[in-house]
Amino acid sequence: MKDDNFGEWYSEVVVNGEMIEYHDISGCYILRPWAMSIWEVMQTFFDAEIKKMKIKNCYFSLFVSSGVLQKEKDHIEGFAPEVAWMTKAGDSDLEMPIAIRPTSETVMYPYFSERIRELGDLPLRLNQWCNVVRWEFSNPTPFIRSREFLWQEGHTAFATKEEADTEVLDILELYRRIYEEFLAVPVIKGKKSEHEKFAGGLYTTTVEAFVSNTGRGVQGATSHCLGQNFAEMFQINFETEEGEESMVWQNSWAYTTRTIGVMIMVHGDDKGLVMPPKVASVQVIVIPVPYKDANSQGIFDACAATVKSLEEAGIRAEADYRDNYSPGWKYSQWELKGVLLRIEIGPKDLANNQVRAVQRDNSAKIDIPMADLTERVKEMLNNIQQNMFDVAKEKRDACIQVVHTWEQFVEALAQKKMILAPWCDEEKDVKARTKGDMGAAKSLCSPFQQPELPEGTKCFASGKPAKKWTYWGRRY
Ligand SMILES: O=C1CCCN[C@@H]1CCCn1cnc2ccccc2c1=O
């Protein structure tokens with residue numbers, strides 16, 4: 001059950017909901033079609049949006065030469081243990097080990113350095129859809145923490161900081177839309193602390209989700225401004241109009257298949273997955289309910305006609321004709337897979353030229369005349385999508401606790417809250433003071449929407465003058 005053993009509930013739901021299959025290598029998973037179709041819906045949206053921004057897709061090598069990877073020791077020092085290395089081909093050792101990309105800065109930026117010479121070469125804005133490998137050792141969790149995952153990584157270069165700053169937020173808004181408009185998951189936009197940001201960058205912006213059952217924050221996606229750090233490392237310069245050499249300003253940004261795990265954790269229930277209609281590959285499942293000798297062919301024909309008219313209206317519908325399973329079994333199977341709307345057609349429905357629509361999220365049952373079907377279903381799907389978001393937002397907001405003192409902080413943490421506290425912007429001691437078997441509390445982000453911070457407000461942790469409101473909590 002989700003409330004009394006979240007970890008067990010999650011790993012059962014992702015498998016029984018037909019999203020994940022385990023692979024014999026720990027931390028690696030099979031993404032089955034039911035999960036892959038969610039990724040594709042988000043990819044279609046995001047790819048179209050970045051194309052509107054004149055960002056071009058490309059593909060760089062999976063392999064990183066060790067020379068270039070070591071180039072930026074400071075940025076990867078914390079990450080080095082996660083880098084996967086290829087050392088042999090066949091039974092012969094490689095001269096030099098080759099790294100498998102954990103991210104592609106070092107693969108792409110030598111090309112940036114070659115390609116960018118003058119102002120006319122800017123802005124250079126590339127994106128790639130690919131997999132990356134990070135050989136993590138902490139507890140692997142399907143979608144949330146795996147050793148290989150799919151993502152898109154955008155890498156852009158501009159002549160001015162202003163252009164980079166603007167793009168960081170444009171992309172962050174797309175990530176908010178992915179979560180709030182597609183996955184029906186509320187997120188908070190904010191800035192990572194100096195301690196939590198990407199060390200190789202200038203600043204990191206993030207959309208933070210929260211899993212109320214476990215009281216843990218999840219970094220949903222990140223959009224970094226890299227400043228000129230990588231331009232300096234990789235000599236990415238251009239000649240200005242005044243004929244001077246100037247370093248480019250860069251951004252990099254990504255969201256990953258972790259989005260799917262967050263959606264499952266936030267919406268799933270004890271009956272299984274709950275799929276927001278916007279990302280569900282089957283939005284409506286039509287189930288024939290034949291009855292003894294009643295005209296079952298007529299029922300099957302009505303199901304086929306129903307699927308056809310729904311599809312013609314742009315609704316993703318399927319019928320389940322399997323005759324070796326009972327309607328009741330099918331109801332629970334499709335609820336387990338998280339399909340939000342079921343249409344039953346039995347002899348009575350046939351006779352009255354209507355269907356019986358059953359909503360999964362609130363078990364509401366209504367009879368719909370065939371004539372009104374597509375309009376009513378479209379309306380129901382929109383209402384379900386909106387309702388899922390509203391319910392999730394209410395649940396998330398109920399987890400937010402404002403605190404002013406260390407005692408209140410520790411109490412809120414014990415109650416699995418997402419804590420909003422005034423902070424002096426010096427992180428190290430909070431982590432140390434909250435170490436425990438549940439993991440330490442860390443800063444999640446400083447929200448762009450800052451509440452009022454009256455003069456003289458003290459930091460909850462140090463008692464020093466607070467500089468900004470910051471969200472805290474345990475994290476995935
Ligand atoms: O987030 C993003 C967005 C997409 C492009 N990359 C940035 C920063 C990645 C940070 N990172 C994260 N794990 C790593 C693991 C091994 C080596 C290097 C890294 C590493 O640089």
Side-chain angles (χ1 to χ4, degrees), residues 27 43 46 50 55 57-86 97-112 124-138 140 144-157 164 167-172 174-175 178 190-208 218-227 229-231 233-234 236 249-259 445 475-476:
Q43 181 174 28
F46 190 80
I50 59 175
I55 293 168
N57 280 330
C58 56
Y59 186 81
F60 282 76
S61 172
L62 171 71
F63 302 106
V64 197
S65 66
S66 54
V68 94
L69 191 76
Q70 310 302 353
K71 199 174 182 85
E72 23 162 359
K73 282 179 296 302
D74 68 321
H75 135 225
I76 77 156
E77 91 211 2
F79 298 122
E82 296 171 5
V83 178
W85 293 92
M86 177 188 168
I98 294 172
I100 309 289
R101 69 179 165 223
T103 179
S104 301
E105 282 79 0
T106 54
V107 185
M108 298 170 86
Y109 295 168
Y111 164 81
F112 274 43
L124 177 60
R125 308 172 82 181
L126 299 179
N127 176 68
Q128 66 175 9
W129 294 93
C130 66
N131 62 330
V132 286
V133 173
R134 296 176 185 177
W135 216 254
E136 313 220 16
F137 290 92
S138 46
I144 298 294
R145 190 179 300 105
S146 53
R147 286 174 157 172
E148 177 188 12
F149 54 86
L150 305 182
W151 74 352
Q152 54 64 222
E153 49 179 321
H155 294 268
T156 54
E167 187 204 63
V168 165
L169 297 180
D170 290 345
I171 296 292
L172 196 70
L174 290 182
Y175 293 152
I178 282 182
K191 204 172 167 193
K192 283 286 184 188
S193 67
E194 278 307 298
H195 184 270
E196 291 300 317
K197 76 174 191 183
F198 167 36
L202 182 61
Y203 63 82
T204 292
T205 68
T206 176
V207 283
E208 292 290 322
V218 196
Q219 181 176 298
T222 47
S223 181
H224 312 282
C225 176
L226 306 178
N229 302 353
F230 285 88
M233 244 181 267
F234 288 87
I236 311 175
W249 289 89
Q250 290 175 270
N251 293 339
S252 75
W253 26 268
Y255 78 93
T256 77
T257 36
R258 163 178 282 198
T259 46
C445 75
R475 300 180 340 189
Y476 280 94

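Everything numeric in this text was worked out from a predicted model, so none of it was measured. Hydrogens, waters and symmetry mates are skipped; everything else that's a heavy atom, side chains included, is used. Atoms within a ligand are numbered from 1 in the order they appear, just like the ligands themselves.
- In terms of polar-atom proximity, defined here as any N/O pair under 3.5 Å, E153 makes no such contact with ligand 1.
- Nearest-residue assignment for atom 10 (C) of ligand 1 (options W253, F198, Y255; heavy-atom criterion): F198.
- Ring centers of F234 and F112: at least 6.0 Å apart, outside the cut-off.
- Counting heavy atoms from C-beta on, the side chains of H155 and E105 come closer than 4.5 Å.
- When N131, V107, V132 are each tested for a side-chain contact (heavy atoms from CB on, under 4.5 Å) with L62, only one passes: N131.
- In the vicinity of A254, heavy-atom distances shorter than 4.0 Å reach the ligand 1 atoms 3 (C), 4 (C).
- Of all atoms in ligand 1, listed by their number and element, those nearer than 4.0 Å to a heavy atom of T222 are 1 (O).
- Residue-level proximity to ligand 1 for F79 is carried by backbone and side chain together, each with a heavy atom below 4.0 angstrom.
- Ligand 1 places these atoms under 4.0 Å from at least one heavy atom of E82: 15 (C).
- For K191, the NZ atom is loosely surrounded, since the number of other residues' heavy atoms within 6.0 Å does not exceed 12.
- Between H224 and ligand 1, at least one N/O pair is under 3.5 Å apart.
- For the pair Y203 and K192, the minimum side-chain heavy-atom distance is 4.5 Å or more.
- Looking at E196 and R475, a side-chain N of the basic residue comes within less than 4.0 Å of a carboxylate O on the acidic one, giving a salt bridge.
- In summary, the atoms of ligand 1 found under 4.0 Å from a heavy atom of P102, numbered by their order in the structure, are 15 (C), 16 (C), 17 (C), 18 (C).
- Here the side chains of C130 and E153 are in contact, with some heavy-atom distance below 4.5 Å.
- Against a heavy-atom cut-off of under 4.0 Å, H155 is close to the following atoms of ligand 1: 5 (C).
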